[in-house]
Amino acid sequence: MIQIYNSLTQKKEVFVPLEEGKVKMYVCGMTVYDYCHLGHARVLVAFDVITRHLRHRGYDVNYIRNITDVDDKIFNRAAERGIPFDALTEQFINAMHEDERALGVLAPNAEPRATQHIAEIIAMIARLIQNGYAYAAENGDVYYEIAKYAPYGQLSKKKVEDLIAGARVEIGESKRSPVDFTLWKAAKEGEACWDSPWGKGRPGWHIECSAMSTCCLGNTFDIHGGGPDLKFPHHENEIAQSEGATGQKYVNTWMHAGAIRVNKEKMSKSLGNFFTIREILEKYPAEVVRFFLISSQYRSQVDYSEDALQEAKASLDRFYNAMLGVEVMSGEVEGDYRERFLAAMDDDFNTPEAIAVLFELAREINRCKASDKVVAGALVAELRALGDMLGVLQQDPTTYIQAGSGKGEGLQAEEIEALIVQRKDARANKNFAESDRIRDYLKQEGIELDDRKEGTTWRRV
RNA sequence: GGCGCGAUAGCAAAGCGGUUAUGCUCCGGAUUGCAAAUCCGUUCAGCCCGGUUCGACUCCGGGUCGCGCCUCCA
């Protein structure tokens with residue numbers, strides 16, 4: 001039994017898919033006019049972990065994550081650079097895929113792009129007009145008329161009158177109400193545009209997700225996810241659009257990740273306090289970044305800091321140290337580690353609690369690795385198997401430890417290992433002065449030695 | 001101002017109406033030529049005020065503080 005917190009009902013609910021054994025899930029991807037930042041990574045990793053767990057529990061998950069590649073910000077950025085808008089989006093889509101791969105995020109089943117679904121978008125807008133939820137204005141824009149959709153505000157818990165009080169109208173708009181939002185935007189001179197029954201133009205923000213999700217998953221589907229700042233207006237508007245067009249329930253379970261913060265403030269484009277994924281990956285291994293992101297439950301806010309990443313690294317060090325020198329074996333594992341791990345994940349994907357179980361496993365490995373290789377081997381196999389469900393702990397321990405936080409620069413592995421042999425001889429002869437000289441020399445070169453029961457290992461600092 | 005979320009030990013972060021979260025750090029011990037890693041033990045909690053209860057960190061009410069959304073943002 002899997003329980004999921006539903007933003008719509010604000011409760012944890014037992015998850016029951018529409019179709020037994022299948023999960024239809026749509027997650028809002030990014031608008032591609034810049035590199036992914038850590039906030040994008042949070043959503044990417046959170047829904048990656050969610051997908052992995054649902055699949056592990058036997059669900060056939062159809063995971064759709066869109067790319068919004070038509071938007072004002074894209075056009076503006078492309079104009080600044082003097083390049084076609086699709087050259088810009090292509091560049092950032094490629095960059096996004098690189099970042100995802102680095103973070104161990106599995107590809108979604110499909111990655112629809114707004115520009116490839118213009119026909120469906122136009123069809124949905126036409127249907128909304130036909131159903132009386134939308135109107136074409138004099139200026140060539142088409143608007144959604146919120147007053148016609150009574151449940152508006154159900155997701156964000158906002159009252160339409162409050163929204164009207166705070167709303168403002170841009171010059172040149174001809175809305176019936178200030179809260180009405182744009183479905184189709186008349187083309188400006190020189191901008192990329194598409195033909196439509198309302199003249200040349202392009203989709204407004206929001207409609208592309210309604211069209212693509214409905215197109216890929218049907219009128220009603222199980223899970224819709226995204227970042228915390230999409231709840232309003234984006235997701236609220238999606239509900240209004242899709243339910244207005246189809247007359248059916250849009251989504252059963254809404255899931256929203258928590259915000260990443262920097263110094264207690266949300267990391268966001270508008271505040272300019274964001275760190276891109278690639279920027280962070282220059283300083284920390286990707287697995288550390290991923291571990292940092294899953295160290296807190298996906299709905300909670302987390303503060304990004306160097307300390308937090310250091311802590312994530314310390315945790316991974318502990319796991320890989322435990323696995324080091326143990327030969328993986330298949331065998332029965334004593335204890336209820338897996339059971340408790342899965343129970344934690346079943347409970348709204350509680351990764352911190354699941355990770356706590358992994359730490360217990362690591363301690364047990366450390367306890368018995370010297371005395372019982374068979375038991376230790378089975379425990380390591382279990383640790384890796386459970387780690388895989390979170391997308392971590394899949395590296396070879398020696399590789400992980402040798403890499404340290406260094407960049408692989410400096411002395412070559414062969415040179416280091418030759419010195420370790422020399423030092424071993426010195427130690428055998430109780431020549432500790434020579435032994436320490438080698439240790440100090442290597443330390444100076446950024447290499448630390450650890451004398452373990454199984455022999456001496458090294459790592460870059 | 002409206003709506004929503006949160007407040008746990010030095011730090012991070014969970015569960016739970018009564019019994020050790022977990023990781024890092026501190027302290028003591030074991031192990032170690034040194035160091036690292038590791039093991040054992042220990043200290044340190046639950047914003048404030050009420051209520052419910054035999055018993056509350058956990059439930060309820062009120063407050064305080066913090067954060068998010070209300071404008072583009074994952």
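In the text below, chain A, chain B and the rest are named by the order of the sequence lines, each starting its count at 1.
- In this structure, the OH atom of A:Y152 is 14 Å from the C1' atom of B:C3, given to the nearest Å.
- B:U20 and B:C11 have their P atoms separated by 23 Å, with the value rounded to a whole Å.
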Under a 4.0 Å heavy-atom criterion, the protein footprint on nucleotides 66-74 of chain B, written with B, S and -, is -SSBS-BBB
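- In this model, the phosphate group of B:A14 is approached by a side-chain N or O of A:S300 to a distance below 4.0 Å at OP1 or OP2.
- Comment: A:E98 does not engage A:R101 in a salt bridge, judged by the lack of any side-chain N to carboxylate O separation of less than 4.0 angstrom.
- Aromatic ring centres of A:F92 and A:Y35: separated by under 6.0 Å.
- Salt bridge absent: A:E327 and A:K373 never bring a charged side-chain N and a carboxylate O closer than 4.0 Å.
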Could you run through nucleotides 27-35 of chain B and give me one letter per nucleotide, 5' to 3': B if any protein heavy atom sits under 4.0 Å from the base, S if only the sugar-phosphate is that close, - if neither? ------BBB
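- In this structure, A:R367 and A:Y5 both approach RNA chain B, and ranking their closest nucleotides by distance from the 5' end singles out A:Y5.
- For A:Y26 and A:Y63, the ring centers are positioned 6.0 Å apart or more.
- Annotation: B:C26 and B:C16 have their P atoms spaced 32 Å apart (nearest Å).
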Just by protein heavy atoms under 4.0 Å, how would nucleotides 6-11 of chain B read 5' to 3' in B, S and -? ------
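- Partners of A:V328 according to the side-chain contact (heavy atoms from CB on, under 4.5 Å) rule, which considers only residues two or more places apart in sequence or in another chain, are A:V380, A:A381, A:R384.
- A ring-centre distance under 6.0 Å is found for A:F359 and A:F319.
- Side-chain atoms of A:H97 do not come within 3.5 Å of backbone N or O of A:N94 as any donor-acceptor pair.
- OP1 or OP2 of B:A37 has not a single side-chain nitrogen or oxygen of A:N321 nearer than 4.0 Å.
- A salt bridge is absent between A:K24 and A:D222; no separation between the charged side-chain nitrogens and carboxylate oxygens falls under 4.0 Å.
- Each of A:K231 and A:R363 has a nearest nucleotide on RNA chain B; the 5'-most of these lies closest to A:K231.
- Applying the side-chain contact (heavy atoms from CB on, under 4.5 Å) rule to A:D450 yields the partners A:R452, A:T457, A:R459; only residues at least two apart in sequence or on another chain are considered.
- A:V302 meets the side-chain contact (heavy atoms from CB on, under 4.5 Å) test with A:R42, A:I260, A:S296; sequence neighbours excluded.
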